[in-house]
Amino acid sequence: MDPKTWLIVGASRGIGLEFVRLLLASGHRVVATARSPGSALDVVAREAPDRAIILTCDVSRKQSITSFID
């Protein structure tokens, strides 16, 4: 399998968090966003620090989206 890099928005809980878990378990790289740090997402990312990047992005705020893109 050729590892891919995935962007998961809203990954701090629910289906987004489960996607992150499954992708990391499959050997892929993940860039995951959450509104605020300190979520269950941080715990999952610690298990694969070389393949998981956690960034802050609140999709309900235009400025947050712009900062994320920059």
Side-chain angles (χ1 to χ4, degrees):
M1 176 197 66
D2 187 27
K4 307 283 187 225
T5 301
W6 294 78
L7 170 62
I8 308 296
V9 177
S12 62
R13 60 189 174 110
I15 196 166
L17 181 59
E18 192 58 29
F19 276 138
V20 172
R21 283 187 177 125
L22 290 171
L23 290 166
L24 290 174
S26 296
H28 295 285
R29 295 174 300 267
V30 175
V31 177
T33 70
R35 285 186 208 168
S36 59
S39 65
L41 180 58
D42 294 332
V43 175
V44 172
R46 278 189 224 121
E47 297 173 8
D50 57 327
R51 293 182 292 114
I53 298 171
I54 309 303
L55 300 173
T56 301
C57 183
D58 182 346
V59 296
S60 68
R61 294 180 47 235
K62 185 177 180 178
Q63 181 58 39
S64 182
I65 296 169
T66 302
S67 296
F68 172 74
I69 292 169
D70 290 341

By side chain to side chain contact (heavy atoms under 4.5 Å, CB included), Ser64 pairs with (sequence neighbours left out) Cys57, Asp58, Arg61
Residue pairs fulfilling salt bridge (Lys or Arg N to Asp or Glu O under 4.0 Å) with at least one residue in residues 40-50, sequence neighbours excluded:
none
The criterion is salt bridge (charged side-chain N to carboxylate O under 4.0 Å, His left out); which residues satisfy it with Asp70, sequence neighbours excluded?
none
Do Ile53 and Val59 land in one hydrophobic cluster if side-chain heavy atoms of ILVMFWY residues count as linked below 4.5 Å?
yes
Under a single-linkage definition using a 4.5 Å side-chain heavy-atom cutoff for Ile, Leu, Val, Met, Phe, Trp and Tyr, are Phe68 and Ile8 assigned to the same hydrophobic cluster?
no
Search all heavy atoms of His28 against all heavy atoms of Asp2 and return the closest pair with its distance.
CE1-O, 4.2 Å
Search all heavy atoms of Thr33 against all heavy atoms of Leu41 and return the closest pair with its distance.
O-CD2, 4.2 Å
Give every donor-acceptor pair under 3.5 Å between a side-chain atom in residues 9-27 and any protein atom, sequence neighbours left out.
| unit_1 | atom_1 | unit_2 | atom_2 | d |
| --- | --- | --- | --- | --- |
| Ser26 | OG | Leu22 | O | 3.0 |

For Arg51, the side chain to side chain donor-acceptor pair (under 3.5 Å) test, sequence neighbours excluded, returns none
